[in-house]
Amino acid sequence: MSARGPALRRPRPSSPTPDLRPATPSLKTVTNPGSSAPALLARDLACMRGDELIFDGLCLAASAGEIWQIVGANGAGKTSLLKILAGLAPAAGGSLRWRGVEIGVGAEALRQDLCYLGHLPGITGYLSVAENLDYLARLSGATPVMRPAEALLAVGLAELGAAPARRLSAGQRQRLALARFVLLASPLWIMDEPLTALDQAGRELVEQMLTDHARRGGLAVVSTHHPLAVPAAHLRRFEFGASLAA
Amino acid sequence: MSGGTALTAARAVLGRDLLRAWRRRGEIVQPLVFFTITVYLFPLAIGPAHDTLRVLLPSIVWVAVLLSMTLTLPDVFAADHADGSLDHLALSPHPLALLVLMKAGAHWLTGAAPLLVLGGLLCAVFGLETYTLRALLLGLLLGSPVLSLIGTLASALTVGLRGGTLLLALLTLPMYIPVLIFGTSAARNAALGIPVQAEMYLLAGLSVLALTLTPWATAAALRARLG
Amino acid sequence: MKSLTEFFAMGGYATYVWSSYALAAVVLIWNVVQPLRRERQLLRTMGSRVQGGRRVAP
Amino acid sequence: MFERFHKFASPPHFHAFARMLSPWLFGVSALLFAAGLFGGLVYAPADYQQGESFRIIYIHVPSAWLSMFVYMVMASAGAVGLIWKVKMGDIVARACAPLGASFTFLALATGSLWGKPMWGTWWVWDARLTSELILLFLYLGYMALQSAIEDRRAAARAGAVLAIVGVVNIPIIHYSVEWWSTLHQGATITKLDRPSMDISMLIPLLGMTLAFKTLFAAVLLVRTRCEILEFEQHTNWVRELATGPEVR
């Protein structure tokens, strides 16, 4: 199956692509009333980095109320996958749907509902903590569910509101980036290694945030190596890299 | 569920860039010093003969403005690329073309406008007669949006590249040539007393053309490079 | 009609005319040969790299 | 009809098409070159003013036209690649640049070689020579950007944007340079007015122009094949091609 423009031809059945579709059908979560149709549906995703094919034939069907943990070897393409799911990077092949809407690079439907955390926290050093949160919130276009001060309190940065962000430690910057997730009611969370630089309290904070998010019927796609202490009913595991390294 | 219109996001981008520029106003002075040094290199090179300099001064100021622009342009996107906030610009549901237009506007206010003021001051100090000085300043005012807009596009194309500053200059200077030609010919004709409306209209036309076309190109360039 | 030497003299502009034609020949021939050689070299390296068992997607 | 055109959007079909067509184009351009050179150097009479040096026109004018034409091809291929997300568009745009730069350099060099006997200096601030020089800078800027970006796909997409902005700038630059330069030499041939050259001089020139164009088309197809091999080196059909019989 040559990686050409998206979905021009069905791949030949003989192609030995390992089928990564999760064996167990997605469980219907207790909290949300049973939107069984997958909110985020990826089929035969392929990704190139330069001339190197990172992965192809990747399928993922994620429904509301689930927390998908992406695990895999370094360089397996976890970050590339998350960037494709967020609509930041173009897939070299395959199709992606969010709530039934086909996503090319630059789809507004996905961005309206997305909250993304990359490797870098996205914090501007010259601005204060509160100014950073306010800027990123207004940029994302999502409706805040609480006042910014409450969000900062929730992530433990309440008294640092006016401090310039460049004086924060790496862990505090990560908490500031997480404050945006608490502040905005985005149904889709995509997080790339959120637990790095966080202390034990920080990890518990993230786990608690993810649990509340899933209970509210939100969907989260998280890449991390640490085991996530979240209720098993919501947790889904996506093995990556190992099964691909032919 | 829309948490604010595109205008609030645009105002947020503009406000944030201006606030950041204000917080690092110490660094904003550096291009101005470079500009002044460049302008005063030419009298040292050409010799102190006052009348030859009087004819050449407007053209020297224009060339110095062009060169100083290539200093301030790279960090329109470089800082955002470094701290990761560039992804959030691309991830916003609001039109990216509008947001990059705001970044170009912020650059014009913090990068280009000070150069215009300083250029006028240097020429006034030098004793350039007012009619030529007015033509020079009006030309700079009308032409400089093109410099910021095309510069922001080149900054988006070269974001995150090694040697990006040099590449940015290589991309922008050929496209600055029409503005340079009309700006300097306006100043030269003004010195001879010839009316300069033609050049002013052309410069304004170029600015409007750049204003309408480059934001879409800059948005496409960012999407191409962020991928 | 014109003798051979007259032809090459080009009415005194021989250097300019023939050097521009020579330059044109060099530029055009390089533009023809270089891509063809590169294509053959690309096919050969890719051919050997595949036999070398490098992982290539189905 | 669109279905047939769509077929060429996929690299394997375009590669096969290019492989089939380029030998023919090389043959045709060789014939045209032979006819054009004979016509230009031998058959056409000397110019009454410039004497024999005017024969440089048979190299200068076709390459000058082609340098502009190639940038248009590059920008439209880039636009196709960017707007309809057709990968072949980006690939063709990337393949055009070195060709365009070579023709622009050739036009500049022959222009100054022609100017030396006529105007007495190697470089004259003539409007068209100056815009040709700026066009060379645009090409060099495009190629510098392509080489600076490692990821081939991102480079091609960024290049497409630059080419489109460049093509909008070319008429502006040309007009402003015309405005700036007082030394005019009317274009020897414009499609509209009466050609200021005798018909026996004109035919070899059109012959040479056609020769240049077919050569450009042939070399572009070969360069595109190289880019396709590099863009698609991870795919199945390239692997079969590389290990296939015809690898000489």
Side-chain angles (χ1 to χ4, degrees), chain A residues 47-49 79-80 82-84 86-92 104-128 131-145 164-166 173-174 177 180 183-188 190 192, chain B residues 1-28 75-100 102-103 106 110 160 216 218-227:
Chain A
C47 169
M48 296 277 299
R49 190 181 303 147
T79 300
S80 311
L82 292 185
K83 279 198 164 188
I84 290 175
L88 257 179
V105 174
E108 274 57 35
L110 173 70
R111 288 223 197 86
Q112 191 69 42
D113 304 333
L114 169 65
C115 209
Y116 175 78
L117 176 64
H119 280 305
L120 298 168
I123 306 299
T124 317
Y126 284 98
L127 268 62
S128 76
E131 284 158 353
N132 262 298
L133 186 58
D134 176 57
Y135 168 66
L136 290 175
R138 272 198 279 168
L139 202 56
S140 74
T143 32
V145 291
R166 65 176 179 280
R173 284 175 197 240
Q174 191 77 353
R180 194 160 45 86
L183 179 67
L184 304 170
S186 306
L188 172 63
I190 293 183
D192 198 346
Chain B
M1 220 272 296
S2 96
T5 61
L7 277 185
T8 50
R11 259 205 318 274
V13 170
L14 184 63
R16 177 244 191 195
D17 267 30
L18 293 178
L19 187 59
R20 184 174 63 171
W22 173 253
R23 292 270 166 76
R24 43 192 272 255
R25 51 194 180 283
E27 290 164 29
I28 299 293
D75 61 20
V76 170
F77 289 115
D80 298 350
H81 180 70
D83 62 31
S85 55
L86 196 54
D87 287 345
H88 295 293
L89 208 64
L91 281 172
S92 163
H94 302 302
L96 185 56
L98 177 65
L99 303 181
V100 293
M102 290 301 124
K103 293 207 71 81
T110 57
W216 310 105
T218 313
L222 268 183
R223 295 246 182 266
R225 288 301 321 289
L226 280 180

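Below, chains carry the letters A, B, ... as their sequence lines are ordered, and counting in each starts from 1. Excluded from the calculations below are hydrogen atoms, water molecules and symmetry mates; all remaining heavy atoms, backbone and side chain alike, are included.
- Contacts with chain A were tallied for B:Ala10, B:Ala219, B:Pro93; B:Pro93 has the most, counting heavy-atom pairs under 4.5 Å.
- Of the options A:Leu114, A:Leu136, A:Leu139, a side chain to side chain contact (heavy atoms under 4.5 Å, CB included) to B:Leu91 is made by A:Leu114 and by none of the others.
- Using modelled atom types, one finds no donor on one side chain facing an acceptor on the other under 3.5 Å when comparing B:Arg20 with A:Thr124.
- Heavy atoms closer than 4.5 Å to chain A are found in the backbone of B:Ala82, but not in its side chain.
- Residues A:Leu120 and B:His81 approach most closely at CD1-O, 4.0 Å, considering heavy atoms.
- Among all heavy-atom pairs drawn from B:Arg23 and A:Tyr126, the shortest one is NH1-O, 2.8 Å.
- Of the two parts of A:Arg166, neither the backbone nor the side chain holds a non-hydrogen atom closer than 4.5 Å to a non-hydrogen atom of chain B.
- Contact of B:Leu89 with chain A is made through backbone and side chain together, with heavy-atom distances under 4.5 Å.
- Note that CZ of B:Arg16 is 12.5 Å distant from CZ of A:Arg138, once rounded to the nearest 0.5 Å.
- Options A:Leu110, A:Ile123, A:Ile84 differ in how many heavy-atom pairs under 4.5 Å they form with chain B, and the most are formed by A:Ile123.
- With hydrogens and angles disregarded, no donor-acceptor distance shorter than 3.5 Å links the side chain of A:Arg111 to the backbone of B:His94.
- Once rounded to the nearest 0.5 Å, the distance linking CG of B:Leu86 with CG of A:Leu88 reads 9.5 Å.
- The heavy-atom pair separating A:Tyr135 from B:Val13 by the smallest distance is CE1-CA, 3.8 Å.
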